[in-house]
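Okay, structure first, notes after.
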Amino acid sequence: MVFSRKKNTRKTSASRRRDPGYFDYNLLAVIIILICFGLVMLYSASAYEAKNDPLINSDMYYFIRQAAFSAVAVVIALIISQIDYHIWIRLAPGIYILAMVLMAMVRFTPFGVTVNGARRWLKLGVQFQPAEVAKIAIILFMPYMILRMGKNLNSWRAVFVLLFFGGAQSFGAYFFTENLSTAIIIAGIVIGILFLAHPKTKKFLVFGVGIVVAVIIGLIVINNSMTTSSSFRMRRILAWLHPEENLSSDSYQVLQGLYAIGSGGLFGKGLGNSVQKLSIIPEAQNDMIFAIICEELGLFGAILLMLLFGYMLYRLFVIAQNAPDLYGTLIVSGIFIHIALQVILNIAVVLNVIPTTGVTLPFISYGGTSVIFIMVEMGIALNIARSIRNTEIAETKRFQQVFRES
């Protein structure tokens, strides 16, 4: 009996070594579907404006550029999916510093580029937004710091150190590139990863409640004491609080987006039949593309898009749950938080639930920098999925089945 037990153990161990690993084709499929859906809606939203722009004069301009960026992004993601994600442990500090330096170059060097009044781009052969690099940097750097701290993570000193490094990157995005929305997203990623990794969560809940209370009090004060401001961010808050009073200025785009959503009804006006995209909503292919989706495809199209994003987040959750080590789990968790925050913030702005922030809708809005760097994150997630053994996935599914039956 002893000999037999050892033999079975060797066989099990050998079978695990032969296990080729797990590749999440479901995640790859939903990514490609979202990209294709985004290209269709991008063409529909941008064709009229591009055709009537004398500098462009081509209805395919935005579509061709986005399709090219998306194709390059998919190739990059597939290449990164073949690179062992543990390499990012050694590179994380350097990427963190690089992101900060690139953002500083936007403000303090002639390589910074101003587009539509915002100096957020850097031109080093190619033009890109360094703030997108900062998102990846913090997703890789926070797990690196948490692993370095180990059991000391439970101390207040460790929490302050992590918040300092995370806050520095968030402040850099705001100060160097004047990009408050990215600063908020980076801060959300930092808090989210720290919340997941820290053994005690009550202090984070108290902290979160404190922030919500402070925001509510601040909005009440602004609503009762201010009617105008020289700060464009403060004007956005006032326009959000009193949209009808600012119809011709700061509330114009959001209200037109709400008209588009309301006119779409249940099944929409039909693909390509939007009225608000006919130069009524300026640059509808960017932050407000969700309003065009609702107008043309109705509530049905909006729910379908939400289901696609929901399924993507579910696949990321499965990868994080089954990652072979804490570093992989925290990286995928950071990617999950980033995508979820960006989707929620974009849709909340379009629905006028929160003030305008300038956050793009992942995979859907126009922007080469955005799609490329998000696909870099997807490539890292796919590689972490490749490190998962099929036996581990099977064990997780069996556990979930037993849990449901009980």
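A donor-acceptor contact shorter than 3.5 Å is absent between the side chain of Gln256 and the backbone of Gln276. Judged purely by atom type and a 3.5 angstrom limit, Gln66 uses its side chain to pair as donor or acceptor with the backbone of Gly367. Between the side chain of Arg120 and the backbone N or O of Thr114 there is no donor-acceptor pair closer than 3.5 Å.
Under the 3.5 Å distance criterion, with hydrogens and angles disregarded, a donor-acceptor pair is assigned to the side chains of Arg65 and Tyr366. For Ser44 and Lys277, the side-chain atoms include at least one donor-acceptor pair closer than 3.5 Å. Side-chain contact of Lys135 with Gln342: a donor-acceptor pair under 3.5 Å is present, judged by distance alone. No hydrogens or angles considered: nothing links the side chains of Asn26 and Tyr314 as a donor-acceptor pair under 3.5 Å. Using modelled atom types, one finds a donor on one side chain and an acceptor on the other under 3.5 Å when comparing Ser274 with Glu295.
Side-chain contact between Leu78 and Leu28 is present, with at least one heavy-atom pair separated by less than 4.5 Å. Side-chain contact between Leu305 and Leu361 is present, with heavy atoms from C-beta onward closer than 4.5 Å. Within the 4.5 Å cutoff, the side chain of Leu258 has no heavy atoms near those of the Val350 side chain. Taking the side chain as every heavy atom from C-beta outward, Met312 and Ile31 approach each other to under 4.5 Å. Taking the side chain as every heavy atom from C-beta outward, Ile319 and Leu382 never approach each other to under 4.5 Å. Using a 4.5 Å heavy-atom threshold, the side chains of Pro362 and Val343 count as touching. In this structure, Val359 and Val349 have side chains that are not in contact, with every pair of non-hydrogen atoms separated by 4.5 Å or more. Between Met105 and Leu102, the closest side-chain pair of non-hydrogen atoms falls below 4.5 Å.
In this structure, OG on Ser81 lies 10.5 Å from CG on Leu27, to the nearest 0.5 angstrom. Note that CD1 of Ile89 and CG of Leu140 are 10.0 Å apart. Values are rounded to the nearest 0.5 Å. The CD atom of Glu296 sits 10.0 Å away from atom OG of Ser263, with the distance rounded to the nearest 0.5 Å. How far CD1 of Ile354 is from CG of Leu345: 4.5 Å, rounded to the nearest 0.5 Å. The CD1 atom of Ile331 sits 11.5 Å away from the CD1 atom of Ile136 when rounded to the nearest 0.5 Å. In this structure, Ile293 CD1 and Leu42 CG are separated by 10.0 Å, a value rounded to the nearest 0.5 Å.
Using bins of under 30°, 30° to 60° and over 60° for the plane-to-plane angle, the ring pair Phe309/Phe363 lands in the tilted bin. Taking the six-membered ring where tryptophan is involved, the planes of Tyr85 and Tyr327 are essentially parallel, since the angle between them stays under 30° and well short of 60°. The aromatic rings of Phe141 and Tyr144 lie tilted to each other, with the angle between the two planes from 30° to 60°.
Within a 6.0 Å radius of CZ in Phe108, other residues, nucleotides and ligands contribute more than 12 heavy atoms. Counted within 6.0 Å of CZ on Arg107, heavy atoms from surrounding residues, nucleotides or ligands total more than 12; the atom is thus considered enclosed.
When all heavy atoms of Ser365 and Ile289 are compared, the closest pair comes out as OG-CG2, 3.7 Å. Of all non-hydrogen atoms in Val254 and Met288, the two that sit nearest each other are CA-CE, 4.2 Å. Across every non-hydrogen atom of Ile384 and Ala323, the tightest pair is CG2-CB, 3.9 Å. Nearest heavy-atom pair, Met145 versus Val161, reported as atom, atom and distance to 0.1 Å: CE-CG1, 4.0 Å. Scanning all heavy atoms of the two residues, the minimum distance from Ala291 to Ile261 falls at CA-CG1, 4.0 Å. Ile139 approaches Pro143 most closely through the heavy-atom pair O-CD, 2.9 Å.
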For a side-chain contact (heavy atoms from CB on, under 4.5 Å) check, start with the C-alpha distance between His86 and Asp325, then their side-chain angles and the critical distance, and finish with the verdict. CA-CA 10 Å; His86 293 99; Asp325 52 39; 2.6 Å; yes
Quick one: do Asp59 and Tyr48 satisfy side-chain contact (heavy atoms from CB on, under 4.5 Å)? Show the steps, please. CA-CA 6 Å; Asp59 60 342; Tyr48 178 85; over 6 Å; no
Between Thr182 and Thr177, is the side-chain contact (heavy atoms from CB on, under 4.5 Å) condition met? List the steps. CA-CA 9 Å; Thr182 297; Thr177 68; 5.9 Å; no
Test side-chain contact (heavy atoms from CB on, under 4.5 Å) on Tyr96 and Ile138; report intermediate values, then the result. CA-CA 7 Å; Tyr96 178 93; Ile138 208 66; 4.0 Å; yes
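Between Phe336 and Phe317, the gap from one ring centroid to the other reaches at least 6.0 Å.
Between Ile191 and the choices Ile186, Leu163, Ile337, the side chain to side chain contact (heavy atoms under 4.5 Å, CB included) rule is met once, by Leu163.
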